[in-house]
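Presented below is the structure to which this report refers.
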2 protein chains.
Amino acid sequence: MVESESAHFDKKGKTKTPRQGTVAPDRLFCYKENTAHPATGILFHQCPSGSAAMFQYTLINKDPSCQARRGRLETPRGVIETPTFMPVGTHAAMKAMTPAQVEETGSRIILANTYHLHLKPGEELVRKAGGLHSFMAWQGPILTDSGGFQVFSLPKKKITEDGVFFRHEVTGEEIFIGPKEAMAIQNALGADIIMAFDECIPFPATADYAARSIRKTLRWAEACLQSHQRRDQALFAIVQGGIYPDLRRNCAEELTAMDFPGYAIGGVSVGEGLELLKQVVEYTAPFLPENKPRYLMGVGLPEDILESVARGIDMFDCVIPTRYARSATLFTRVGRIRLTKRNYRRDFYPVDHSCDCYCCRNFTRAYLHHLYNANEILSAILAAIHNVHFYQTLMKESREAIEQGRFRSFKEEFLAGYNRAES
Amino acid sequence: MVESESAHFDKKGKTKTPRQGTVAPDRLFCYKENTAHPATGILFHQCPSGSAAMFQYTLINKDPSCQARRGRLETPRGVIETPTFMPVGTHAAMKAMTPAQVEETGSRIILANTYHLHLKPGEELVRKAGGLHSFMAWQGPILTDSGGFQVFSLPKKKITEDGVFFRHEVTGEEIFIGPKEAMAIQNALGADIIMAFDECIPFPATADYAARSIRKTLRWAEACLQSHQRRDQALFAIVQGGIYPDLRRNCAEELTAMDFPGYAIGGVSVGEGLELLKQVVEYTAPFLPENKPRYLMGVGLPEDILESVARGIDMFDCVIPTRYARSATLFTRVGRIRLTKRNYRRDFYPVDHSCDCYCCRNFTRAYLHHLYNANEILSAILAAIHNVHFYQTLMKESREAIEQGRFRSFKEEFLAGYNRAES
């Protein structure tokens with residue numbers, strides 16, 4: 001029954017039955033500069049930082065009413081209109097959705113977690129499978145985080161100047177991840193956008209700790225640039241600095257000097273709350289280059305996203321829409337509803353009247369209430385479809401509002417309706 | 001947030017935004033005899049038994065090599081080519097699949113469980129939702145069992161001449177179900193095919209017990225006929241009799257005299273094994289009318305189905321494809337495979353080479369192994385899609401083989417390949 005792997009892969013690491021749009025990693029290594037990508041037609045040229053510009057960010061327009069930006073990020077695997085939301089498929093799988101269903105929500109780029117994939121099934125297996133896209137059958141762009149956030153969240157770890165030692169959660173084996181290791185793992189996984197290895201500063205942290213920490217993050221960013229191997233992957237840097245404006249600025253400026261193709265704001269969504277989050281974005285974003293995409297890591301609720309779009313952020317990721325789906329919390333225009341509540345038992349309306357997702361087109365709140373009550377897996381499936389679709393609709397309407405220069409009023413109107421709700 | 005139900009339904013019990021193909025129950029009551037159904041064009045005429053023949057079974061051909069029958073069952077909600085397999089959506093939800101995904105597997109009719117729906121959410125709620133089809137957004141035919149099988153499987157129950165007393169599994173409330181109650185519940189649920197209330201004889205049972213039991217089943221069948229209210233639902237009778245040929249014959253003949261639009265063989269899949277199952281079908285089927293569909297309840301594994309098709313059965317239902325999916329057992333042409341086994345970790349082939357389901361077109365065994373290992377819901381989704389698709393392909397090929405008069409050799413070839421496998 002078990003055939004050899006060599007029988008299944010040709011010499012280029014391509015599976016015998018390549019998925020549509022899949023480009024084998026080996027092929028991408030040998031693209032010549034100033035030639036067009038065969039699938040997308042995008043021109044490759046040498047970036048100052050040394051990585052090929054298969055990734056092109058275009059700032060389309062800025063909203064005059066706030067700092068919101070409408071942009072476009074071209075990648076070898078498709079165009080991402082920004083601001084954009086990336087649903088999270090931690091183990092190279094969206095929770096309770098097939099890739100086809102994820103695509104139907106309007107999602108164009110998804111996130112997978114380096115830490116989890118390193119432990120299970122291991123990046124070598126993913127590489128042998130032809131990379132993440134082939135492994136999980138998602139042909140659009142993928143972003144992998146650096147693993148830093150997860151590693152620094154572990155209760156037991158040892159941070160050194162070179163990286164972090166921790167233990168495998170199942171086998172107990174000691175594992176080390178530093179910038180070089182994070183790059184090697186992400187190179188093997190093969191996502192389109194990969195993240196530099198950073199120290200995620202806990203909240204709260206002293207200014208002194210944060211100042212020392214960003215020196216490490218900056219040194220590691222430089223090390224990541226040097227060890228990153230694949231020109232078909234864009235390496236984004238992560239700005240740290242906690243809640244200290246001068247440290248955020250300093251970190252942003254030093255990273256900008258290294259000329260990464262994109263920048264993230266990290267160390268948020270660690271318990272600081274919406275007010276501090278808004279402040280951090282407000283005093284960090286102005287020091288990020290205008291001609292590069294800006295990604296706010298791990299954010300967030302709809303209100304967090306809208307406030308951050310208004311402050312100049314282009315990319316978001318969060319587990320909330322799929323996680324809330326499993327615990328019966330669904331997003332609507334008039335706020336979140338918890339479908340296990342008894343008052344939904346006989347509610348024959350769709351989850352959200354204004355929504356045209358598969359769930360709202362076909363099912364009622366009463367049916368979903370019943371599914372949760374009967375502990376049916378279909379509850380998580382339908383709710384995930386709805387919640388991710390809700391997020392993507394929010395992003396689509398945000399993009400339209402920015403194009404029309406009315407993002408601020410769009411945001412205020414949306415939040416007025418959204419905050420009217422019961423929760 | 002909670003709107004009144006009256007605002008959502010018009011006077012005919014139709015939802016304001018009717019799903020495509022949905023016919024409100026009230027509408028169906030007033031169809032005139034000898035008029036055509038508006039959606040299907042099928043003529044209604046009075047059956048001898050008093051129920052409208054919105055359901056027409058046509059025997060297309062019999063296989064000369066065995067007793068296999070190729071037929072067609074026309075229903076108000078679509079045509080069912082037989083032999084057919086009905087996947088089971090116990091709580092009005094297929095486990096881990098959306099209705100769209102169920103349809104994509106080639107399934108044309110599904111089963112829901114009266115006992116479970118009576119307890120949760122209750123048939124009145126389903127009726128208010130516009131019936132099962134509207135509630136669960138499945139527009140094809142649905143069959144509900146009578147609840148008998150589940151009630152008689154309960155450890156604590158009291159069987160009387162009129163029905164069964166048992167306790168609600170959560171509230172402890174005493175519940176009674178007899179033929180009249182089973183009809184009322186199924187009339188409210190609104191499936192296209194409903195089942196008479198029968199006593200499911202346990203295995204093993206003495207001839208004496210079985211003989212007394214079938215008298216009850218026959219009396220109850222008569223009572224069901226009398227209390228069945230909806231002419232848009234076909235009421236099928238269930239033949240009992242345990243493993244006693246004379247009792248099975250007697251029960252079949254007496255039920256045939258009552259002229260039901262379809263007949264089931266019940267009391268199987270209760271631990272008797274494939275050899276006894278084959279025997280029961282073999283000595284019961286010949287006493288069922290040739291011009292009515294024959295349904296073998298709760299069966300089964302692919303080998304059980306093929307052996308029963310060869311003995312003249314037209315309809316099957318079973319939880320196996322979706323249940324096995326959740327425990328990592330997948331069906332292939334060369335037998336069942338258990339994807340949690342370590343040898344699938346690096347197996348980059350699809351689950352089944354010859355399969356064209358969504359799972360096999362896009363994913364590898366290695367990916368599914370990883371999903372099970374990471375406890376991802378997507379494992380159950382993809383495996384359910386594959387397993388149900390596998391069953392439907394088996395039925396499709398069976399129908400083609402019968403049409404061509406080669407079912408016996410088809411069955412033998414299939415089983416030769418299927419039994420070659422590791423398990």
Side-chain angles (χ1 to χ4, degrees), chain A residues 1-3 5 8-9 15 17 19 89-101 116 120-121 125-126 128-130 134-137 326 334 337 343-350 358-359 361-364 366-367 369-371 373-382 384-385 421-422, chain B residues 1-3 5 8-9 15 17 19 89-101 116 120-121 125-126 128-130 134-137 326 334 337 343-350 358-359 361-364 366-367 369-371 373-382 384-385 421-422:
Chain A
M1 287 299 297
V2 186
E3 285 93 354
E5 285 160 19
H8 197 52
F9 285 93
T15 60
T17 49
R19 318 301 180 201
T90 296
H91 295 105
M94 207 63 58
K95 298 227 185 280
M97 296 169 87
T98 65
Q101 288 168 331
H116 294 93
K120 191 159 50 183
L125 186 109
V126 175
K128 278 184 182 149
S134 177
F135 188 53
M136 69 185 294
R326 296 196 298 287
V334 292
I337 59 176
N343 53 328
Y344 296 114
R345 184 173 145 74
R346 289 161 188 273
D347 185 334
F348 296 110
Y349 281 93
Y358 176 74
C359 176
R361 286 199 318 273
N362 290 282
F363 305 95
T364 60
Y367 183 65
H369 175 88
H370 162 65
L371 292 183
N373 198 28
N375 205 20
E376 284 286 340
I377 297 176
L378 188 56
S379 61
I381 298 173
L382 295 178
I385 287 173
E422 62 179 335
Chain B
M1 288 299 298
V2 186
E3 285 95 352
E5 285 161 19
H8 196 52
F9 285 94
T15 59
T17 49
R19 318 298 180 204
T90 295
H91 295 105
M94 206 62 58
K95 298 225 184 284
M97 296 169 87
T98 65
Q101 288 168 331
H116 294 93
K120 191 158 51 184
L125 186 109
V126 175
K128 278 184 181 147
S134 177
F135 188 53
M136 70 185 293
R326 297 196 297 287
V334 291
I337 58 175
N343 54 327
Y344 296 114
R345 184 172 144 74
R346 289 161 189 274
D347 184 335
F348 296 109
Y349 281 93
Y358 176 74
C359 175
R361 285 200 318 272
N362 290 282
F363 305 95
T364 60
Y367 182 66
H369 174 90
H370 162 65
L371 292 183
N373 199 28
N375 205 20
E376 284 286 339
I377 297 177
L378 188 56
S379 62
I381 298 174
L382 295 177
I385 288 173
E422 61 179 335

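Below, each value reflects all heavy atoms present in this structure, side chains not excepted, and no hydrogens, waters or symmetry copies. In what follows, chains are A, B, ... by sequence order, proteins preceding strands, each numbered from 1.
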Inset, instruction - Assign the ring pair A/His370 / B/Phe135 to parallel, tilted or perpendicular, where the plane angle (0 to 90°) is split at 30° and 60°. - result: tilted

Inset, instruction - Examine whether an atom of B/Met136 lies under 4.5 Å from a heavy atom of chain A, and if so say whether it belongs to the side chain, the backbone or both; otherwise answer neither. - result: both

Legend entry - Contact leader toward chain A among B/Met97, B/Glu376, B/His369, B/Lys95, where contacts are heavy-atom pairs under 4.5 Å: B/Glu376

Legend entry - Nearest non-hydrogen partners of A/Lys120 and B/Ala374, listed with the distance: CE-CA, 4.1 Å

Legend entry - Distance in Å, A/Leu378 CG paired with B/Ile381 CD1, rounded so as to fall on 0.5 Å steps: 9.0 Å

Inset, instruction - Let me see the working for A/Leu125 and B/Tyr367 under side chain to side chain contact (heavy atoms under 4.5 Å, CB included), right down to the final yes or no. - result: CA-CA 10 Å; A/Leu125 186 109; B/Tyr367 182 66; over 6 Å; no

Inset, instruction - Heavy-atom distances under 4.5 Å only: say whether A/Arg326 touches chain B with side chain, backbone, both or neither. - result: side chain

Legend entry - Test item: A/Gln101 and B/Gln101 side chains (from C-beta on) under 4.5 Å apart, heavy atoms: yes

Inset, instruction - Please flag which part of A/Ala380 lies under 4.5 Å from any non-hydrogen atom of chain B: side chain, backbone, both or neither. - result: side chain

Legend entry - Expected output: side-chain A/Tyr358 to main-chain B/Thr98 donor-acceptor under 3.5 Å: no

Legend entry - Main-chain N/O of B/Pro121 paired to A/Arg345 side chain as donor or acceptor, under 3.5 Å: yes

